[in-house]
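Submitted below is the structure of interest, expressed as structure tokens.
Everything quoted here is computed from the prediction, not taken from an experiment. What you see below is based on every heavy atom in this structure, not just the backbone, and it leaves out hydrogens, waters and symmetry mates. Protein chains get the first letters and strands the later ones, always in sequence-line order, with residue 1 at the start of each.
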Amino acid sequence: MIASGLPAGGDWIEALLVMVLVTGAFVVTRKDLLSLVSAYQLQSLLLSVIAVSLYLSNGSEMLLYLAVLTVTSKVILIPYAIKKIQKEIKISRDIDFHYLSPMESITAMIFLILLVYGSFTKILRELSPGDLFYLGAVFGISLTLMGMLITFSRKKVITKVIGYLTMENGVLLFSLFLTELPFMIEVLVMIDLFMIVLLAAILSIGVDSSVEEFREKFNAIHIPRLQKRFEHLRKRNGEEA
Amino acid sequence: MLQYYLLAAFAALALTQFLKSHKAMNLVAIAHAIACIAFAACLQYSGAIPVYYLENNLYIDALSTYEIFIAGTIFLLAAVYAGGHAESLIKIGILERKNLKGYYLSFNALLLFTVLAFSSNNLALFWIFAELTTFFTAFLIAILNSKKNIDASLKYIFVTSTAMLFSFIGLILLFALTEKTLGTGTLNWDVLLKNAKTFPAAPLAASFAFMFLGYAAKSGIAPLHTSLPHAYSKAPSAVSAIISAVMLNIGIYGILRIYSITRQNPGSAATCSNLLIAFGILSLFIAAFSMLQQKNLKKLIAFSSTEHAGLMLIGIGIGTPIAIYWTLYHVLAHSLTKALLFLSAGILNRQYDSNKIENIKNALKLQPLASAGLILGSLAIIGIPPAIVFITKFSILVQVAKFSTILLIAVLLLLLLAAAGFALFITAIFTRIDENDVMRRYPTPVRMKIPVIILIILVYGLGLFFPQPLDGALNSIVSGLGF
Amino acid sequence: MLSTAFYVGAALLLLGTVLPLVRIGGDGVMRRIALFFSMLALLVFISFSVFILYTNQQVYLAPYGIAPGLVLSFRIDRLAAFFILLISVVALSASIYSVQYIGHWHGEKRKNILTGLMNLFIAAMLFVVSSANMFAFLFFWEIMSMSSFALVLFEYEKPETRKAGLFYFIMTQLSTLFLTAGFLGLNAVTGSFAIQPADIGTGAAGVVFLALFVGFGIKAGVIPFHKWLPYAHTASPSNISALMSGVMIKVAIYGLMRFTLTVLQPETWWGVLILVAGTLSAILGVIYALKEHDIKRLLAYHSIENIGIILIGFGAYIIFTNNNLPDIAMLCLLGSLFHVLNHAVFKSLLFLTAGSVVYRTGERNIEDMGGLVKRMPYTALFFLVGAVSISGLPPFNGFVSELMIFTALLQSYALVDPFMKVLMLSSLAILALTSALASACFVKAFGITFLAAPRSDNAKNAKEVGKYMLLGPMILAFLCMSLGIFSYQIFAGAGYVLPIPDLLLIGSFLAAAYVLAWFVLKNVSSSAERMGETWGCGILTQTGRNEYTASGYSQPIVRIFSSIYRTKEVREATYFDESKSLFVQGSAEIHLVKFFEEALYLPIARLVNSLSEKVSRLQNWNLDTYLAYVFIAAVLIMVYVGWFI
Amino acid sequence: MNASFLLYALLNTVLVVLLSPFYMGLIKIVKARAQGRRGPPLLQPYYNLSKLLKKERIYSKNTSAIMRATPYINIAVMLVASLCIPLALIPTPTDGIGNVILFLYMLALAKFFMALSGLDAGGTFGGMGSSREMSISAIIEPITIIAFAALSFSLHTTDFHQMFLERAGATAFLNPGLLLIAIPLFIVLIVETSRVPVDNPETHLELTMVHEAMVLEYSGRDLALMELSHAIKQTLYMAVLINILLPWGLTSELTVAGILIAAAAFALKAGLLSFVTGLVESSMAKMRFFNLPSLFMIAFFFSILTIWLEVFG
């Protein structure tokens with residue numbers, strides 16, 4: 001159980017929360033894929049630090065396990081997989097923005113946080129034990145929406161994957177501050193997430209590039225199945241042209 | 001009982017892993033589906049339901065049995081169909097033989113997780129299984145050799161999964177809510193249903209709204225339906241039938257479960273009902289108008305799924321016991337009819353290697369059975385008697401009329417437009433005659449024909465003869481849900 | 001006993017539906033058996049309904065629960081029996097006609113499908129009028145609509161058929177929509193589906209009535225919902241046109257009468273609405289018919305006209321009833337009902353004989369016919385009987401029903417409300433105009449089609465049709481005559497002594513005068529005669545090209561009513577120079593503006609289309625957009641959570 | 001039906017057949033005199049008929065049975081229609097035989113077949129006449145009906161026999177409403193009997209003829225029948241007008257003297273009406289075909305005026 005009232009080191013946690021949002025904003029604006037992944041890593045790390053801090057303030061062991069789980073999956077495993085795939089598809093930058101430019105996204109974010117704040121006032125007042133938790137929950141939802149912004153404003157699927165992961169971090173943040181789910185559920189969710197992210201990332205190989213790049217890339221990878229798929233694609237394109 | 005089924009399912013997965021020939025793998029899939037149906041039938045007739053497993057995390061009641069039974073039936077027909085269909089996909093090179101294993105593994109896994117999802121008591125567990133079905137569905141869509149398939153699969157994953165994350169927010173809210181009011185947090189549906197009256201209304205409604213968003217994506221409710229037309233049209237037809245006839249049910253099932261909770265609480269019932277009806281109307285609207293302009297057969301059928309999901313939402317939203325009763329029957333009606341449409345469309349797809357309106361010619365001569373299936377299926381889905389959908393649609397409309405006249409008129413108008421969309425399309429493809437066309441007849445395998453014939457008989461037979469045992473089952477479901 | 005008869009008839013008809021479809025590629029034995037079954041069934045239904053009409057009893061049939069709470073049940077009273085009778089009679093002759101008529105399509109499959117669907121169509125119509133509750137009514141109504149839709153699409157290769165079919169589909173679904181709305185609204189208030197007197201408030205009753213009126217109006221082809229009718233009746237095979245025009249639109253009239261009379265308590269303004277709609281349909285129907293040269297479309301427009309006449313009678317009935325004039329009201333209602341029967345008989349007769357003509361000449365345009373009276377004498381005779389009947393001339397049946405309605409309207413001096421009097425008189429004047437125009441139109445239809453010299457080779461080479469295709473119309477022609485001549489006795493037999501002339505007497509006088517004139521002249525005058533050429537101002541031999549054309553024939557009327565036809569001129573010209581003084585070439589066309597299409601149907605269609613285009617654009621193939629929708633949905637949910645909870 | 005009705009039928013028919021050609025001739029003479037000509041003998045129509053009966057008939061090769069049957073149908077219809085309109089003796093109303101609508105539609109039946117026979121020969125004139133005749137009859141029909149409706153509004157019956165009975169027994173002969181109806185009835189008479197300004201019975205010029213064009217192909221006894229029918233029709237319409245407006249002498253009693261007086265009175269009044277008709281005809285020019293609706297509107301206006309008088313008065 002999370003003790004009511006402001007935990008010790010509340011300011012510290014507040015600062016961490018702000019930093020989480022900053023990493024989110026970083027993901028929204030950066031074009032360089034590698035730094036996106038790093039930002040995500042940092043964000044996940046910050047989350048686990050928050051979990052540990054919460055543990056320190058109220059001593060629920062579950063939070064500690066959660067921190068460990070987060071570090072292994074989100075700071076190490078998933079970024080590793082993504083980086084590997086990034087290498088394979090040989091693109092390092094996601095230049096295009098759709099619907100929203102980075103500045104517009106940031107502006108939109110400000111309003112969204114306000115919206116979330118307004119929407120959740122009534123509900124969270126009934127549920128959350130204190131101001132800090134309230135803030136954390138609002139930031140969680142806001143981070144989720146920020147992740148959502150990334151998924152639709154960035155062109156490359158791999159960036160979308162990171163957006164999706166950011167969303168998930170938001171959900172995690174929300175749950176950290178509001179309540180604590182059974183650990184088994186958290187593990188299963190993590191496995192789920194991992195599978196889906198992996199599938200999306202693999203599939204993204206097939207779409208994240210122009211036709212010319214596609215040819216080079218797949219010749220380099222020497223994956224026969226992909227090659228064949230490419231042939232098929234070229235045939236299709238030829239037909240359509 | 002569940003353990004036997006799980007044993008069968010794992011055996012099926014293992015066997016598929018080791019078997020080499022297509023026929024054998026297909027047989028295993030068929031056997032798995034039969035096991036699933038048998039499982040549901042045993043549950044229903046042994047009187048063992050409701051039953052709990054895994055420390056109350058799994059819970060099978062009449063509704064679960066009903067949904068498992070529908071899923072089993074559709075999977076069985078799809079498996080029989082896939083036997084012929086996959087072979088012909090291999091022949092033209094769109095599916096590789098070595099991917100067959102993956103195809104059947106996912107097929108079995110999909111059924112397994114569908115059954116598990118329907119058996120979950122814990123809503124988080126349900127969420128996880130639902131996400132797993134999304135995963136395997138996406139895999140099945142992507143298994144064909146085409147960039148468009150990857151595209152469609154990605155769309156399906158992203159739209160569904162991002163929406164499902166919001167659902168998880170709802171779950172967390174619900175958990176926090178129970179923690180606050182009951183002392184210990186729980187997501188077990190039966191406990192929630194029992195205690196819903198004591199929950200504060202506002203957070204309950206909020207958690208419902210968030211959970212709804214995810215399941216809406218799963219069941220193709222507008223505006224989260226967008227990935228489905230792509231997914232349906234690119235997936236192998238057996239898979240399309242499954243997505244439309246089973247995956248949609250998972251979403252509707254989830255919504256029904258959580259709605260039944262909010263329904264218990266007088267503070268949240270009305271707001272949630274309004275939300276459902278609003279999204280229902282929106283779905284009907286978007287689907288109906290999209291169908292009018294449709295030039296692609298499978299997309300047309302896909303939009304029709306959105307339309308029917310909208311109708312189901314309205315039925316659930318009205319929330320009288322009779323409305324729920326008929327909505328549940330509509331789930332069955334829709335599944336069967338939609339399966340018929342997709343499986344027939346699959347045969348035409350093999351004939352013309354296209355779903356596009358302009359490529360389909362002389363269909364009545366080349367593929368009489370598929371044409372009959374498509375025409376009868378279309379008539380059935382727009383609710384022409386004596387098809388089963390007519391009965392369910394009519395009965396839902398009766399409840400709508402009692403609820404609100406304006407809603408009735410809106411629903412009727414939109415259903416009319418949807419019907420017009422079907423009529424436009426169907427008349428367009430079947431009246432296209434080209435005497436000089438020299439296209440050879442695609443030799444439809446018997447295994448693809450049998451499911452179509454069975455479905456035609458079911459769709460029209462059930463419209464004329466209501467299976468009496470179902471009456472008791474549906475009534476117990478409705479009362480079990482607390483309506 | 002009676003219910004057994006109904007079951008036997010129904011079973012035979014359903015067998016007739018299934019049999020040809022069982023051996024769909026078979027050699028036609030099943031088809032003939034099916035047609036035989038349907039004739040047998042219809043004979044059963046005829047005797048069944050005549051018995052009920054005569055004994056004035058009600059028959060209830062055991063209900064069938066199709067699903068919990070939904071029951072198909074039947075009750076046949078006098079009104080239902082009357083409609084069963086007319087459906088059966090027309091269907092019987094259409095079945096007889098079909099024995100040969102169906103033969104002219106290629107492919108056993110198609111012939112079998114046509115036979116099966118036709119029997120289903122007939123069965124559905126019979127069940128609609130027998131239905132005892134609204135669910136059953138709607139159930140069979142939909143089957144009726146869809147089987148007829150399939151039949152309209154029968155010659156699906158032709159683009160015009162496709163268009164007609166689609167149009168028909170949408171209109172028929174629209175009709176079902178309004179009916180469903182009406183029925184469900186009624187059910188929502190009363191909680192029952194039974195077709196029985198329902199006491200619901202005035203306001204609710206008005207709304208329900210409006211919904212039902214529009215629903216049935218669409219199906220009956222009441223202007224402005226009539227547009228599907230000329231298309232659908234033209235596109236379908238002639239035996240089906242006869243059924244659709246002869247009886248299907250009457251089923252809608254049945255529905256209107258059943259629900260306004262049995263279920264609701266009609267108010268005066270309903271009567272006014274029905275009367276005005278009827279008057280409008282009558283006059284516009286016939287005016288549009290006049291300019292048609294397609295014989296089946298011409299007949300289709302006349303169906304609109306006659307539905308109008310029926311509605312005038314029915315509307316007047318409501319008005320007179322509500323003004324406490326039961327005798328005049330009864331005259332109206334009986335006139336209206338009798339016209340339902342008469343129209344069914346003569347319109348099917350006309351469609352069947354027109355079908356024979358089309359069957360032999362391969363033409364539907366009457367400008368390419370002519371001279372058929374010598375080549376197809378019996379068909380011509382039957383068509384003439386139909387033409388005289390539909391023109392409302394004594395002593396045939398059409399005259400009697402029109403006379404009843406006219407007489408009733410002339411008696412509107414008995415009304416108190418001056419507004420009602422004026423309304424009735426306007427209706428009367430327009431009805432008179434309608435019936436005169438109808439006779440002009442049928443002089444044209446018969447004259448141009450059958451008289452004078454052939455206008456094309458197809459017409460020249462036409463032969464008389466076979467005996468079955470004559471027997472079917474013959475029955476109807478006989479009915480046209482006997483229903484007219486014995487009208488007074490028929491009504492008296494049914495217990496209604498009406499202030500109408502005894503046409504048996506008039507008919508005998510006519511026959512006597514004819515014979516007398518002939519006999520006298522034979523004895524007092526020269527009987528010398530000689531054949532010669534038609535006088536043509538010195539042209540020695542006239543050809544078909546010299547004859548008056550159908551367009552020429554209707555030109556004076558078209559010109560007089562030019563404000564109703566509304567023509568539109570389209571001019572195009574190209575010039576050498578920019579100041580447009582040197583003319584290169586150009587064209588000018590005059591089109592008839594299809595008023596209802598341009599003013600009502602197309603704007604709606606365009607609106608729906610543009611909406612649908614906009615909605616379709618939402619689905620733009622782009623994942624980003626889709627995710628943006630999810631985002632918007634999520635934001636909306638947030639707003640909802642903050643705002644409404 | 002009884003013996004007295006049969007007697008009435010016989011009397012009325014004989015009267016109408018015998019008198020009708022006379023008025024045709026009378027009008028011709030009046031017109032001729034008005035134009036300063038001598039005109040044909042008074043009995044010329046009778047001579048014409050007997051001449052025609054002796055002539056042979058010529059049929060076009062194109063014609064069918066319609067052509068042959070139409071004259072008999074026409075005369076039969078006219079004879080039966082004459083039963084609706086008692087000229088002098090009003091029978092006790094029976095079987096609704098005096099029904100206004102029956103009368104109108106009997107005439108329409110004749111017109112229908114006449115129009116068909118116009119088309120039968122395949123000549124252009126016949127077709128044109130038939131087309132024009134049907135057009136005119138279509139637009140005059142509502143006028144006629146409204147005029148009769150005005151009658152039935154004034155007299156509260158839809159039966160000619162009853163109307164005449166009422167008029168014969170009426171004390172006030174000059175009813176203002178009925179005076180108004182006289183105008184439309186007169187116009188209907190002009191139109192239905194194909195007279196100037198609607199049609200010109202004297203001419204055989206294709207631009208102007210309507211009725212004559214239809215019967216152009218007839219000859220011999222067929223033509224005789226057609227002309228006789230036409231004459232009867234004229235007499236019947238005149239009788240309607242006369243017996244409504246000037247019912248003096250009309251009797252419903254079956255006495256020889258009464259009948260004789262009534263017949264004489266009718267002959268006289270009809271003569272007077274023929275005289276007026278002739279004068280009107282010779283004082284007018286034929287109207288353009290498409291100007292006719294305006295003439296009809298005048299008739300319509302007066303009928304409606306009568307009805308207004310009844311409805312609001």
Side-chain angles (χ1 to χ4, degrees), chain B residues 151 154-155 158-159 162-163 166 201-202 205-206 209-210 212-213 216-217 223-224 226-227 229-230 271 274-275 285-286 289-290 292-294 322 379 384-386 390-391 394-395 397-398 400-402 405 408-409 412-413 415-417 419-420 423-424 427-428 430-431 433 463-466 471, chain C residues 65-70 109 135 138-140 142-143 145-146 149-150 153 156-159 161-162 165-166 169-170 173-174 176-178 180-181 183-185 187-188 191 193 207 608-609 611-616 618-619 621 623 625-627 629-634 637-638 640-641 644-645:
Chain B
D151 215 45
L154 270 174
K155 281 178 180 137
F158 268 103
V159 173
T162 47
F166 287 102
F210 279 106
F212 166 74
L213 199 61
L224 311 164
T226 43
S227 65
H230 304 288
T271 41
N274 290 343
L275 184 76
F285 177 84
I286 301 266
F289 279 99
S290 306
L292 276 178
Q293 295 275 322
Q294 207 38 254
I322 304 175
L379 287 177
I384 300 298
F390 173 73
I391 300 215
F394 182 82
S395 305
L397 286 174
V398 170
V400 174
K402 289 187 174 153
T405 314
L408 173 73
I409 290 166
L412 280 173
L413 270 176
L415 287 177
L416 166 76
L417 285 177
L424 275 168
T427 39
F430 289 111
T431 54
I433 309 293
L464 283 170
F465 307 100
F466 185 84
D471 187 38
Chain C
I66 197 163
L70 301 177
K109 235 182 209 176
F135 172 73
L138 204 63
F139 187 90
F140 293 116
E142 276 289 81
I143 294 182
S145 300
M146 281 305 118
F149 166 61
L153 274 180
Y156 61 85
E157 298 92 342
K158 299 180 184 163
T161 306
R162 195 192 318 171
L166 271 175
F169 178 86
I170 291 171
Q173 284 294 303
L174 201 61
T176 309
L177 185 158
F178 280 102
T180 315
F183 289 171
L184 295 187
N187 174 61
F193 278 121
V207 172
V608 170
N609 245 337
L611 250 180
S612 129
E613 259 165 36
K614 284 192 184 101
V615 171
S616 299
L618 294 177
Q619 187 79 20
W621 291 91
L623 178 54
T625 320
Y626 298 169
L627 287 170
Y629 296 150
V630 179
F631 181 75
I632 291 166
I637 289 283
M638 297 274 176
Y640 170 81
V641 164
F644 295 102
I645 294 177

Q. Counting N and O atoms only, with roles assigned by atom type, does the side chain of B:Lys155 sit under 3.5 Å from a partner on the main chain of C:Trp621, one being a donor and the other an acceptor?
A. yes
Q: Could you tell me how the ring of B:Phe166 sits relative to the ring of B:Phe210: parallel (under 30°), tilted (30 to 60°) or perpendicular (over 60°)?
A: parallel
Q) Using a cut-off of under 4.5 Å for heavy-atom pairs, which of C:Leu166, C:Val641, C:Leu153, C:Thr176 has the most such pairs with chain B? A) C:Leu166
Q.
Which atoms of C:Ile632 are under 4.5 Å from chain B, going by heavy atoms: the side chain, the backbone, both sets, or neither?
A. neither
Q. In terms of heavy-atom pairs under 4.5 Å, which option from C:Ile170, C:Val207, C:Val615 contacts chain B the most?
A. C:Val615
Q: Quick one: which of C:Phe183, C:Phe169, C:Tyr629 has the most heavy-atom pairs under 4.5 Å with chain B, could you say?
A: C:Phe169
**Q.** B:Leu213 versus C:Ala634, closest heavy-atom pair with distance
**A.** CD2-CA, 3.8 Å
Q. Do B:Phe285 and C:Leu611 come within less than 4.5 Å of each other through their side chains, counting heavy atoms only?
A. yes
Q | Region of C:Phe149 in contact with chain B, defined by heavy-atom distances below 4.5 Å | A | side chain
Q: Identify which of B:Leu417, B:Leu424, B:Val398 forms the greatest number of heavy-atom pairs closer than 4.5 Å to chain C.
A: B:Val398
(Q) Strictly distance-based, threshold 3.5 Å: is any side-chain N or O of C:Tyr640 a donor or acceptor partner for the main-chain N or O of B:Thr271? (A) yes
Q | Residues forming a side chain to side chain donor-acceptor pair (under 3.5 Å) with C:Glu613, sequence neighbours excluded | A | none
Q.
Just so I understand: if I count every heavy-atom pair under 4.5 Å between each of C:Met638, C:Gln619, C:Lys614, C:Glu142 and chain B, which residue has the most?
A. C:Gln619
Q | chain C contact via B:Leu397 - side chain, backbone, both or neither, heavy atoms under 4.5 Å | A | both
Q.
My understanding is that only residues two or more places apart in sequence, or in another chain, count here; which of them pass side chain to side chain donor-acceptor pair (under 3.5 Å) with C:Asn609?
A. B:Gln293
Q: Check each atom of B:Leu412 against the heavy atoms of chain C and say whether the ones under 4.5 Å are side chain, backbone, both or neither.
A: both
Q. Is any side-chain heavy atom of B:Phe430 less than 4.5 Å from a side-chain heavy atom of C:Tyr156?
A. no
Q: Just give me the residue among B:Leu292, B:Leu464, B:Asp471, B:Leu224 that pairs up with chain C most often, heavy atom to heavy atom, under 4.5 Å.
A: B:Leu464
**Q.** Heavy-atom pairs under 4.5 Å with chain B, option from C:Ala150, C:Ser616, C:Pro159, C:Gly69 with the top count
**A.** C:Ser616
Q | Interchain contact, B:Ser290 with chain C, by part (heavy-atom threshold 4.5 Å) | A | both
(Q) Can you confirm whether B:Ser395 sits close enough to C:Leu70 that some side-chain heavy atom of one is under 4.5 Å from a side-chain heavy atom of the other? (A) yes
Q. Given a strict heavy-atom distance threshold of 4.5 Å, which part of C:Phe193 is in contact with chain B: side chain, backbone, both, or neither?
A. side chain
Q) Relative to chain B, which segment of C:Ile637 carries a heavy atom at a distance below 4.5 Å: side chain, backbone, both, or neither? A) side chain
**Q.** Region of B:Phe465 that comes under 4.5 Å of a non-hydrogen atom in chain C
**A.** both
Q. With side chains defined as the heavy atoms from C-beta onward, is the minimum distance between C:Pro68 and B:Phe466 less than 4.5 Å?
A. yes
Q.
Under 4.5 Å from any heavy atom of chain C, what part of B:Leu379 do you find: side chain, backbone, both or neither?
A. side chain
